[in-house]
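Beneath this line is the structure, given in structure tokens, with notes to follow.
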Amino acid sequence: MALADLRPRPSARRRMNMFYLLDTSGSMRYNDCIGSVNRAMPEIVGILREISDSNHDQSDIYLSCITFDNEARELYDAPVDVKDFRWADVKAEGLTNLKAAFDLLEAQLQSGAAMSAPAGHLRPAVLLLSDGDPDDGWEEALDRLQANLWFRQAYKIAIAIGCKPSNIEMCRALTRFARPLDAGGEPVIISIDQLDRLYDVIKLVSSTVSRIGSSNAAAGGRSPAQRIRDAIVNDAGNIVGVNIPSMLDDGQGWY
Amino acid sequence: MPSLSPGTVITVSDGSSLTVIAYIASGGQGEVYRVRRNPGGREMALKWYTNRAIIDNPDFLKTLRHNCRHKAPSDAFLWPEAVTDRQYGSFGYIMRLRPEGFVDLGKFFCIDRNPQAYFRSWLAKLTACIQICDAFSRLHNNGFSYQDINDGSFLIDPFRGHVLICDNDNIVSDGCSNGVSGKPHYMAPEVAEGNTPDRASDRFSLAIILYRILMIDHPFEGRSTTSDENRCLTPDREMLLFGREAVFCHDTADRSNAPVEGLHDNSILYWRYLTSRLQRAFRIALCRRAIVDPCCRIRASSWKQMMLAERAALVTCHAAPDVPVHDYLCEGAKPDLCPLCGSMTGAEVWLDFGDAMPAYRLTASKPLFLGESFVPEGICRAVNSSGVDSLVLENVSRHTWHIVESGGRRFKVVPGAYCRLVGGASINFGSWRAKIEI
């Protein structure tokens, strides 16, 4: 006689996709910013795995990385489960083709592989990290991206590295990118002056967004989007050399 | 990095002190350490707050001190035993250490990540339900509400079903608020809309927890919550779909959120093994009316009585020699074939306790629990004497039973001895008396 197997199946879990858009232009070599990225990312993957596991049946975290310099490249062609994600070190060279990164992100957001988890999704998160003025064409690409429903609903965080008053185009791009659209709340933009803090900031932002976003939890009357901003403003604002600029929509007001 | 290093001495408000031994874990509110209490040397757990909103909230500390003065409503609670003084920029409280063998309830929902986190029997599931209901019934009767019942509130032994309840620093006198708002998927709709949690909102969350212990999947997950329309579950949609607009996946009046094969297989599979009594109770506890009207929710004490009745009627199957002992819920007459192994079911005997407790079915290998106890009084065994199968009851308690057979013959069953279960005989267990019915 065989005994019916009454062991449970795993409860269906939703998916939270996290997209990283990482600037790998030549200027990222300055002060070894690219080194900070290469050191931080494997640790971030470990942190995200822990958060994903501790979410139990709430959600799995999936990860996608798009790097951009003269062109944009994806580490995987769709977000992968963070437990299977392997970081490969990146080099810094070339220009800042943000347009190509936006185009590639849009393609991933439209693909069935990325956005068709059987049990559904939580809001995705998009983290953009850049250290210079983007090349032409980013604005049209961002317009197209902003028409995408997933992007509209995403938590968006921009990290500006070594931004100077002359970087008007960079300020504009990051400000426009971080506009919350359907996610609500206020934009989250972090400006890093002391470049050796980049490592800490990437880790802090990643863990905050994934922890709050992947549990969808409001608290104390604050929505997840507001909680993410609160936590980042509170924690990153305490790091010396890191600013949370209050900005106007066109990027004015960073200084 | 942990806030307290090993060797740090923390003073407690009762004048004693603690020495930090090791960091254990951290969460949204703070960190937990293994500490040694001085004097005495007893090892305990220290919860140490790192959340600024809690540290700066004088009411939170006041409530914590108030709860410490009260005894734990039941042993299931890892209750705050003493509060520390304010020092090193914060404060905390001490409680019993979490014993080995207990698993976070949330892990039972992800067996792929936690292969050992599953209940080994229906008896273990019922035990967990009974212990949880008993704990919340006592908590509510003492004038408290838990406020934030969710899958993170419970540690459960998957073999025996024994339960420990954690995070008891959130507990307040019913009607008061400590600022805790609950967790999505477990929070009552009125709490999601800003009302203060209370006993009625605890009852909403309790029904979800009981369903999940028995069924594993979430009662409000189904076709509707995973439809294309809800492909992206935004926090606002979630509040509605798991709150005000929630539809029970087995709601007979609204099939729009029925479980989907491949996604909600546990809800489909285990529902078939529930008794109609439990199916009915969940349909009442999770129907539209109970969702929107806090007065219509089932009390913890009522759930407990139902679960005790299920335990009494449970069938243990030991019919097939080549398969391990297993059990299943059964209301009324036993089926001819075991629904799990397909063997012919063995003999059964009922113990009639009158009004004192539900009639108790005994089948081979089933333990006998008296009243609300979790310590077996006896174990039923199948014996074959001269080719005839019959049942005996082994006395595994520490006291002697007195039996009177229908013909008037009297005898004693000392601990470790057996008695035949003969129809018409009565057994005096001490505090409980039962008549044997074949």
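Residue numbers start from 1 in every chain, and the chains themselves are labelled A, B, ... in the order their sequence lines are given, proteins ahead of strands.
- Between A:Gln58 and B:Lys183 there is a side-chain heavy-atom pair separated by less than 4.5 Å.
- Judged purely by atom type and a 3.5 angstrom limit, B:Arg113 uses its side chain to pair as donor or acceptor with the backbone of A:His56.
- Residue with the most contacts toward chain B among A:Arg15, A:Lys83, A:Gln153, A:Met115: A:Gln153 (heavy-atom pairs, distance under 4.5 Å).
- When heavy atoms are compared at a cutoff of 4.5 Å, A:Asn17 does not approach chain B at all.
- Residues B:Phe119 and A:Arg7 have side chains not in contact (no heavy-atom distance under 4.5 Å, counting atoms from C-beta outward).
- Contacts between A:Ser59 and chain B at a heavy-atom distance below 4.5 Å involve the backbone alone (N, CA, C, O).
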For this session: Could you check B:Asp112 against A:Arg13 for side-chain contact (heavy atoms from CB on, under 4.5 Å), going step by step and ending with a plain yes or no?
Result: CA-CA 12 Å; B:Asp112 52 339; A:Arg13 299 192 284 265; 2.7 Å; yes

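- Summarising the local packing, CD of A:Glu50 is surrounded by 12 or fewer heavy atoms from other residues, nucleotides or ligands at distances under 6.0 Å.
- The shortest distance between side-chain heavy atoms of B:Asp217 and A:Asp57 does not fall below 4.5 Å.
- Both the backbone and the side chain of A:Leu6 come within contact range of chain B, each with at least one heavy atom under 4.5 Å from a heavy atom of that chain.
- Only the side chain of A:Arg14 comes within less than 4.5 Å of a heavy atom of chain B; its backbone N, CA, C and O stay farther away.
- Residues B:Pro235 and A:Pro224 are in side-chain contact: their nearest non-hydrogen atoms beyond the backbone lie under 4.5 Å apart.
- When all heavy atoms of A:Pro8 and B:Ile216 are compared, the pair lying nearest together is CB-CG1, 3.8 Å.
- Interface remark: of the candidates A:Asp5, A:Asp60, A:Asn55, A:Asp60 forms the most heavy-atom pairs closer than 4.5 Å to chain B.
- At least one donor-acceptor pair under 3.5 Å links the side chain of B:Asn266 to the backbone N or O of A:Arg9.
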Exercise. Between B:Lys107 and A:Asp53, is a salt bridge (Lys or Arg N to Asp or Glu O under 4.0 Å) present by the stated rule, with each step listed?
Worked result: CA-CA 9 Å; B:Lys107 291 187 175 173; A:Asp53 274 356; over 6 Å; no

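- Top candidate by heavy-atom pairs under 4.5 Å with chain A, chosen from B:Asp228, B:Asn230, B:Thr225, B:Asp236, is B:Thr225.
- A heavy-atom distance below 4.5 Å is found between the side chains of B:Thr234 and A:Arg123.
- Here the shortest heavy-atom pairing between B:Leu263 and A:Pro118 reads CD1-O, 3.6 Å.
- The nearest pair of heavy atoms linking B:Arg212 to A:Ser11 is NH2-OG, 3.4 Å.
- Ranked by non-hydrogen atom pairs under 4.5 Å with chain B, the options A:Ala225, A:Gly120, A:Ala4, A:Pro10 are led by A:Pro10.
- Listed options B:Ile111, B:Val260, B:Thr226 were ranked by heavy-atom pairs under 4.5 angstrom with chain A; first place goes to B:Ile111.
- Heavy-atom distances place the backbone of A:Ala117, and not its side chain, under 4.5 Å from chain B.
- Residue with the most contacts toward chain A among B:His218, B:Glu221, B:His264: B:Glu221 (heavy-atom pairs, distance under 4.5 Å).
- Heavy-atom distances place no part of A:Arg211 under 4.5 Å from chain B, backbone and side chain included.
- Under the 4.5 Å side-chain criterion, counting only non-hydrogen atoms from C-beta, B:Cys232 is in contact with A:Trp150.
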